Amino acid sequence: MKNSLLNTEENPALLAKHLLRALGHENHQAGLALATKAYKAFLKGATCEPIQPNEITALPDGLFITKTQSSHQPSETTPLVIYRDRVYLHKVNALEHQLAEHIIALTQRPKVFGDKININEATLNLVVQKCGVSLPPSPSQTKAVTNFGQHGVLILTGGPGTGKTTTASLMIRLAAELAQLDLSQLRLCAPTGRAKSKLNLSVSNSAYIKTLPNTDLPPAHTVQKYVANPDMLQNAKMIVVDECSMVDLGNFNKLLGIIREQCPDARLVLMGDHEQLPSIDTGSVYFDLCNAACIIPNKSRLTDNHRLGEEPLAWAKYVHQDAGAKDLSNQLKAPDAKAIIELAIPIFSEGITTALEGDEIKALEQIDKLRILCSHKGGKVGVRALNREIRKHLGLTRDDSPGSLVMITQNDHDVTGLSNGDVGIVLKNQLVCFPRTKESDTHDSSKYMVINFSQLPPHEPAFATTIHKSQGSEYQHVIVVISSNDDIEETSPDGSFINRNLVFTGITRAISKIDVFAKKSVFENAITDTFTRASGLQERLDEMQPQPSAAQ
């Protein structure tokens, strides 16, 4: 939705001038200011921008329409819409309204597949024993699956390592056991190629699924693929959407609209971590859903950590400012490129040795052994500079030098099966080893795939990547690098680019070890600045939610 507009113009003031010129009000300063606000909000990913009541007085007819109730969509097509002292572009207002309608309609359906599924402790214990699972569900997982049995829509949120995918797999198993769900009626999807491949492999490898009599799991697909091919959702009785925080307003709206039309009785699980970074495009839908008061019964939060080691967990609590969290500010290291490289080189050097040995299994271990995660691409401690210097120190003079880490930057599902964000390691003889992700090979017993370097889709060095690119990934050791304003080359349309959500996402990619390079003042400012995007979705949901009668 936003990309076509961005390709035309990125300056909100110029876009506003074009709009008012087309309306014949080019010199109207109040109208120009209001339109500039709407475009500025849109270009930085928000759906709207708060305004003062005096900003809409004496505006020309036909430029805006005032709304007081979201249940009454404006019939006129006006460029700007005012809703609850917020200014919207007309199309964005319509999308937010439609999305709220879809959510309320889905949560209020009179009938869902399996009706209410009675899931209790005895049922859970029986399934766990039958599947041979050594670790029983945690209290928060138990509460979540019980909630799943009672509602046709479940919003499942939780931090990294809390077992969201495992819980979803258990829900699928319970639906199969107690409501006769056939796996052919299941649909799995995620916003990116890499995320859908990871979801597919995680669910298919779960003991809850592998021990089913019929384990022919349908492949996961991207949200965009389902949106472009609505018929793929026909006959679905259960739909699981992963990494929902990364789904933008437009695609969320389209997907839920299709589900509402094509499979009105399907059970829907929307899962993710609402405290991580939102979509790079418009909106923060999943954050809004997780904070909306009117659909509290449909939400469950996982709280028990199953992955983060002691050190990353301590950092996560500190960044999140949990009560009693240890102050780790004295462990921050100055963002110096030389120090970062000296810390990383010994570990990345191991990759060269392994690559030359040609052992694919050991090579796989090297891929996720260490990753440098940067807040920015540019600057002295940004992705581009660190990748360049690391390659230089390692003596990697060619892109296909053994030991090089490469990240795919464009989906190639038809030929190699690789997705944007997949990372591989170059071996000897110009071969590249990747963790197995290709949909058609999910039942292959091997954990890796090896292709010729010449077959690679577009790619880039991956010793250092942006924190944004790391979402959904995990590494044994993470070096988080937060740039200072005086070091970065690029600027963000949003002044609060470095914020708690960004830092938290980077910190929680680590499994066992973490090092943080940042100026203390920059880091402390970041973790007290929670990233939010202006939105009216929560208010719309509250307005549309049916009110209980007096008799109830």
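All heavy atoms count here, side chains included; hydrogens, waters and symmetry mates do not. Quick caveat: nothing in here was measured; it's all calculated off a predicted structure.
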Is [Y] paired with [X] through a side-chain N to carboxylate O contact shorter than 4.0 Å?
{"X": "K198", "Y": "E243", "answer": "no"}
{"X": "E460", "Y": "K377", "answer": "no"}
{"X": "R84", "Y": "E543", "answer": "yes"}

I'd like to check the salt bridge (charged side-chain N to carboxylate O under 4.0 Å, His left out) partners of [X]; sequence neighbours left out, ordered by chain and number.
{"X": "E96", "value": "R540"}
{"X": "K369", "value": "E350"}
{"X": "E474", "value": "R307"}
{"X": "D304", "value": "none"}

For the [atom1] atom of [X] and the [atom2] atom of [Y], what is their distance to the nearest 0.5 Å?
{"X": "L302", "Y": "T166", "atom1": "CG", "atom2": "OG1", "value": "9.5 Å"}
{"X": "H97", "Y": "L537", "atom1": "NE2", "atom2": "CG", "value": "11.5 Å"}
{"X": "I514", "Y": "L313", "atom1": "CD1", "atom2": "CG", "value": "11.0 Å"}
{"X": "I295", "Y": "L541", "atom1": "CD1", "atom2": "CG", "value": "5.5 Å"}
{"X": "R109", "Y": "I104", "atom1": "CZ", "atom2": "CD1", "value": "12.5 Å"}
{"X": "I507", "Y": "K317", "atom1": "CD1", "atom2": "NZ", "value": "14.5 Å"}

Non-hydrogen atoms of [X] and [Y] that approach each other most closely:
{"X": "V112", "Y": "R267", "answer": "CG2-NH1, 3.6 Å"}
{"X": "N205", "Y": "K210", "answer": "O-CD, 3.2 Å"}
{"X": "L270", "Y": "Y286", "answer": "O-OH, 3.1 Å"}
{"X": "P435", "Y": "V423", "answer": "CD-O, 3.5 Å"}
{"X": "N200", "Y": "P218", "answer": "OD1-O, 3.5 Å"}
{"X": "C374", "Y": "A464", "answer": "SG-CB, 4.3 Å"}

inquiry  = Applying side chain to side chain contact (heavy atoms under 4.5 Å, CB included) to Q141 and L170, what does each step give before you reach the verdict?
reply    = CA-CA 9 Å; Q141 287 177 309; L170 176 55; 5.8 Å; no
key: Derivation and outcome, side chain to side chain contact (heavy atoms under 4.5 Å, CB included), residues I467 and S470   = CA-CA 5 Å; I467 294 174; S470 73; 4.2 Å; yes
Can you name the residues that form a side chain to side chain donor-acceptor pair (under 3.5 Å) with [X], not counting sequence neighbours?
{"X": "Q410", "answer": "none"}
{"X": "K237", "answer": "D265"}
{"X": "S184", "answer": "D182"}
{"X": "H459", "answer": "none"}

Distance-only side-chain donor-acceptor flag, T123 / N120, under 3.5 Å = yes
task = Examine the side chains of R173 and T211 and answer whether a donor and an acceptor come within less than 3.5 Å of each other.
result = yes
Tell me, do [X] and [Y] make a side-chain contact under 4.5 Å, heavy atoms counted?
{"X": "W315", "Y": "L308", "result": "no"}
{"X": "L183", "Y": "I172", "result": "yes"}
{"X": "L418", "Y": "P457", "result": "yes"}
{"X": "M238", "Y": "M171", "result": "yes"}
{"X": "V128", "Y": "Y208", "result": "yes"}
{"X": "L188", "Y": "D242", "result": "no"}
{"X": "E539", "Y": "R86", "result": "yes"}
{"X": "N118", "Y": "L178", "result": "no"}

Main chain of [Y], side chain of [X]: is a donor-acceptor contact present, judged purely on distance under 3.5 Å?
{"X": "R533", "Y": "S284", "result": "no"}
{"X": "T192", "Y": "A195", "result": "yes"}
{"X": "D322", "Y": "A325", "result": "no"}
{"X": "Y88", "Y": "G536", "result": "yes"}
{"X": "N291", "Y": "F287", "result": "yes"}
{"X": "T47", "Y": "V92", "result": "no"}
{"X": "N411", "Y": "N420", "result": "yes"}
{"X": "R187", "Y": "Q234", "result": "yes"}
{"X": "D422", "Y": "I408", "result": "no"}

task = Quick one: list whatever passes ring-ring contact (aromatic ring centres under 6.0 Å, His included) with H102, sequence neighbours left out.
result = none
Counting only pairs under 3.5 Å, give me each side-chain donor-acceptor contact of residues 150-162, with atom names and distances, residues two or more places apart or in other chains.
from, atom 1, to, atom 2, distance (Å)
Q150, NE2, I117, O, 3.4
H151, ND1, N147, O, 3.3
H151, ND1, N147, OD1, 3.0
T157, OG1, G272, O, 3.2
T157, OG1, H274, ND1, 2.9
T162, OG1, G159, O, 2.6

task = Check the pair T165 / M271 against side chain to side chain contact (heavy atoms under 4.5 Å, CB included), numbers first and verdict last.
result = CA-CA 8 Å; T165 308; M271 63 182 187; 4.2 Å; yes
query = Got a sec, which pairs hit ring-ring contact (aromatic ring centres under 6.0 Å, His included) with one end in residues 223-271, sequence neighbours left out?
reply = H221-Y226
request  = Dump the intermediate steps for side chain to side chain contact (heavy atoms under 4.5 Å, CB included) on D248 and V285, then the final yes or no.
outcome  = CA-CA 7 Å; D248 64 277; V285 176; over 6 Å; no
request  = Please check if atom CD in Q455 has more than 12 non-hydrogen atoms from other residues, nucleotides or ligands closer than 6.0 Å.
outcome  = yes
request  = Sorted by first residue and then second, give each salt bridge (charged side-chain N to carboxylate O under 4.0 Å, His left out) pair with at least one member in residues 284-301; sequence neighbours left out.
outcome  = E275-R301
